There are 2 protein chains.
Amino acid sequence: MQKKQTATIYDVASRVGVSLATVSRVVNGNSNVRESTKRKVLDAIEELGYHPNAVARGLASKKTTTIGVVMPDVTDMYYSELARGIDDVANMYHYDVLLTNTDEDPVRETMAINNLASKQVDGIIFMGNELDREVLKTISSVDAPVVLAGSIDAEKVLPSVNIDYIAATKEAVEMVVKNGHERVALVTGPMEYAINKQHRLVGYQAGLEAAGQEFDEDLLFASHQDYSAGYQIADKIFATNATAAIVHDDEVALGIMNFMRDQGKSVPEDFEIITSNDTKFAIVTRPALTSIGQPKYDIGAVAMRMLTKLMNNEVVDNMQVTLPHTFEKRGTTIN
Amino acid sequence: MQKKQTATIYDVASRVGVSLATVSRVVNGNSNVRESTKRKVLDAIEELGYHPNAVARGLASKKTTTIGVVMPDVTDMYYSELARGIDDVANMYHYDVLLTNTDEDPVRETMAINNLASKQVDGIIFMGNELDREVLKTISSVDAPVVLAGSIDAEKVLPSVNIDYIAATKEAVEMVVKNGHERVALVTGPMEYAINKQHRLVGYQAGLEAAGQEFDEDLLFASHQDYSAGYQIADKIFATNATAAIVHDDEVALGIMNFMRDQGKSVPEDFEIITSNDTKFAIVTRPALTSIGQPKYDIGAVAMRMLTKLMNNEVVDNMQVTLPHTFEKRGTTIN
DNA sequence: TTGAAAGCGCTAACAT
DNA sequence: ATGTTAGCGCTTTCAA
C-alpha cells in the first residue's frame, strides 16, 4: 500500500547517465566532480526525490552516524538535562541518538550496551550512579568509544565528564556548619556506589573535619532517588536530631522538606537543606532549594563533544574532565 | 587499535561447516534446523563471540527494528513521561528508539522526520503542540507509519492517542465556577494551535456556558511553556481581576502561583489554579497543584502499541484513541 | 574527472 | 533439514 518505491542511487545514476560512484561523490560532497555533472546529478536527485539510505551507507562505510545513550530514566530531571546537552551537540555533529532507559539495573545496562553495539553505533554515552563490574566488562568489550557523563567509575579509567563531587560536598557541609549546625545529615544513594563512598562521603567527612566536628555514622542515609523516598526517610533523619542535611537529589530533598513542613517544622529555620542537582525542581518550590550548582547541560554537551573526538580518533588531552560547579544560595539555608 | 575484528555469520558457518543460511536460521529462531546442528552453531557463536550486525540485517530485511520519536524537549516533564511509556513498550517489542528534540520548531520537526526516514526507521511517534502544514506534508510523504502521542492534528486524520481535552477543560472550568469564581482565566499556548483553539478554548467556553457565564476574551492568555513565562504573565492575569485560572502546563502554573504568593496573595484563598499535565511538579510543591489527571505514561505506551500494529500491517480498529482522564484535587483549589 | 567492480554482513527465496 | 544464490543500497579502492 505505502510502497513509495524510493529511488536508489542507481536510479539517479542511470537517469543522468553517470556511474554510481559519481552520484555517491556529489551526495557526499566530494570535490572531484565537474561542476556541470554535479548540477545534473543534483537535479536528478531533486526530480526523483532521492534520499540516501543510511542503513546501506552504514553497512558500506562502517559508520552509522548514530550514537547510543544509556541512562537511568528520561523522566529524571537530572539525567534528562544531561541528555539534552548530549542531543544538541550530537545533532551539531550530525549524529542521531539511540536512547535507552535502564532504571540503573546492571542487567539492563549490559543488554543495552550490547544491543547498541549490534546496531553498530559509532559511540556510546553512559549515565548512571554506579558502574557494575559486569557493565564495566561489557563496556570494554565494545569496540565503540564510551564516555561517562555525570557518572564515575571507581578506577577512573574510562573517559568521563563530571564535577568535583568531593569539593562540592565539602563546601556544602562547610556552609551549613558555618550556620551553626552540629548535626548535619548526608543523604545519598547506596554507600557501595563509588560516587557515594569515594566522593560524596569523603567530601562530607572532609567538611566535618575542617570544622572540627566528629563524624557520626548515624547521620548517613541511603535513599532511593525519588520524592516519596525522601518523604519517607525524613522522619528517621529528624529522629537523629540532625538539623541540616546535604542531599544528593532534588526530588529527595523536596520529599524531606515537605515532610518536615507537614510535621510543623519550618525550613530553613528548624532544618536546613542543601541539594545537589539544581534541577527545575529546586527553583520552582517555595522555599526554593539551595543547591550545589551543576552545569548539567554542559556535562552532557562536553561528554558528547569528547565522544566525537574519540570517534574520529583525535587526541583527547584530558580524558577525565571536571567541570566547575557553583553554589546556588536559595531559600532552604539561612545566609 | 581497537579492532576487535568481530566475527561474521560467515565465520560461524565455516567453523561449523554449514551454510550461512543455517546459521541465519538458528540466529533468527527458525524452527527448521536439526537440534544437533543448532547446538553446534550456538556453540560456535559462543566461542567466536559472534553478534549479528543489525545494520546488515536491516539492509537485507528492510526492517531496522528501530522507531523514531520526535518530541519538543526531553527536559519537559510532560513529554518525557510520554517518552518513558513509549520506550518501555518499544523495548517490550524489541524496538530501539531514536530520539530527537525539536523545540517545536517546524523546520527541525521536518528535518527530524526526513532524517528518521533516511535511517529507515520502521515507524515514528510524533509529539508536539501543533502540527504545521509542512510537517504534516512530510509525515504523509514518509512511508513508515506515524502515530501522534498527546498531540492533535486539526483534521484528525492521523493515528493518535490523547485525552478528551474539551471535556477535561470543561470540567476544570465547572469546578472553579462552582467554587464561586466569576472571572476564570484560561492560560494556554498560541491560540492558532488546534489543541488550544479547537479543544481547550472550546472546553473552556462550554464550561462557562454551562455555568451561565459570559465569555470574555480578555481572560485568554497565551504563554510559553516554562516556569518563567508563567511567572511573567501572572501579573497580567491578576490585572484582569481574574480569581482563578485553568493552565495548560504545570511549570507555567507554578510560575503563576509563585508570582501570586510573592505578591502576597494566597493560593487558593485569593486565587485558584487548576493545571493540566499532572507531572511531578504538581505533587512536589506546597500547595500541591490541583490538576487534570492525564495518563501520560499510558498515552505513550498505547501510542507505541498502536505503532507496532501499524508496522505489522495489523488492523487497528480505532485510529484516534481517547484515553480517560481524571481529576486530581489538591491544594490549589478550595473543595 | 569519471567508471568498474568488489564488497559491507545479512536475509530470503528457491532448490535440493 | 540444509545449501545456493541473489541481492539490499551504498562506499571505496583501483583504473582509466
Side-chain angles (χ1 to χ4, degrees), chain A residues 3-42 44-45 48-66 94 117-122 143-144, chain B residues 3-42 44-45 48-66 94 117-122 143-144:
Chain A
K3 295 293 79 155
K4 291 274 181 343
Q5 191 50 46
T6 39
T8 71
I9 196 172
Y10 181 82
D11 299 324
V12 177
S14 69
R15 186 181 229 278
V16 182
V18 295
S19 71
L20 302 189
T22 301
V23 178
S24 177
R25 286 189 185 100
V26 351
V27 168
N28 293 298
N30 187 311
S31 53
N32 287 5
V33 183
R34 193 189 303 144
E35 193 58 34
S36 62
T37 46
K38 183 174 169 184
R39 266 258 57 85
K40 285 193 285 187
V41 169
L42 255 17
I45 286 175
L48 266 44
Y50 166 72
H51 290 288
N53 179 324
V55 173
R57 178 180 289 180
L59 182 58
S61 69
K62 300 185 153 302
K63 290 196 182 316
T64 55
T65 58
T66 301
H94 304 295
S118 88
K119 290 250 167 160
Q120 314 299 121
V121 293
D122 296 335
D143 73 346
Chain B
K3 296 290 79 156
K4 291 274 180 341
Q5 191 49 47
T6 39
T8 72
I9 196 172
Y10 181 81
D11 299 324
V12 177
S14 69
R15 188 180 227 281
V16 183
V18 295
S19 71
L20 301 191
T22 300
V23 178
S24 177
R25 287 190 186 98
V26 349
V27 168
N28 293 298
N30 186 313
S31 53
N32 286 4
V33 183
R34 193 190 302 143
E35 192 58 35
S36 61
T37 46
K38 183 174 170 183
R39 266 258 55 86
K40 284 192 287 187
V41 170
L42 255 17
I45 286 175
L48 266 45
Y50 166 71
H51 291 286
N53 179 324
V55 174
R57 179 182 287 179
L59 182 58
S61 69
K62 301 186 151 304
K63 288 191 182 319
T64 54
T65 60
T66 301
H94 304 294
S118 87
K119 291 252 167 160
Q120 314 299 120
V121 295
D122 296 335
D143 74 345

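Chain A is the first sequence line, chain B the second, and so forth, proteins listed ahead of strands; every chain is numbered from 1. Bear in mind that the values here come from a model prediction, so they are computed numbers and not experimental data.
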Residues in salt bridge (charged side-chain N to carboxylate O under 4.0 Å, His left out) with [X], at least two apart?
| X | value |
| --- | --- |
| A:R15 | A:E47 |
| A:R39 | A:D43 |
| A:K119 | B:D96 |

In degrees rounded to 10°, what angle is found between the helical axes fit to the five outermost pairs at each end of the helix from C:dT1-D:dA16 to C:dT16-D:dA1? 30°

Measuring to OP1 and OP2 of [N], would you say a side-chain N or O of [X] lies under 4.0 angstrom away?
| X | N | value |
| --- | --- | --- |
| B:S19 | D:dG3 | yes |
| B:T22 | D:dT2 | no |
| A:K62 | C:dG9 | yes |
| A:N32 | C:dT1 | yes |

Length of the line joining [X]:[atom1] and [N]:[atom2], which is rounded to integer Å:
| X | N | atom1 | atom2 | result |
| --- | --- | --- | --- | --- |
| B:K38 | D:dT2 | NZ | P | 12 Å |
| A:R34 | C:dG3 | CZ | C1' | 13 Å |
| B:R39 | D:dA1 | CZ | P | 17 Å |
| A:L48 | D:dG9 | CG | P | 14 Å |

Within the 4.5 Å heavy-atom criterion, are [X] and [Y] side-chain neighbours or not?
| X | Y | result |
| --- | --- | --- |
| A:V16 | A:V23 | no |
| B:N53 | B:T8 | no |
| B:T65 | B:H94 | no |

Residue pair B:L59/B:S36 against DNA chain D: nearer the 5' end by closest nucleotide is B:S36

What residues form a side chain to side chain contact (heavy atoms under 4.5 Å, CB included) with B:S14, not counting sequence neighbours? none

Categorize B:V55 for me: base, sugar-phosphate, or nothing, with a 4.0 angstrom heavy-atom threshold over every strand shown. nothing

Reading nucleotides 11-16 of chain D from the 5' end, what letters show protein touch, with B for base, S for backbone sugar-phosphate only, - for no heavy atom under 4.0 Å? SB----

About how many Å separate CZ of B:R25 and NZ of B:K38, when rounded to the nearest 0.5 Å? 13.5 Å

A:S118 side chain to B:H51 main-chain N or O, any donor-acceptor pair under 3.5 Å? no

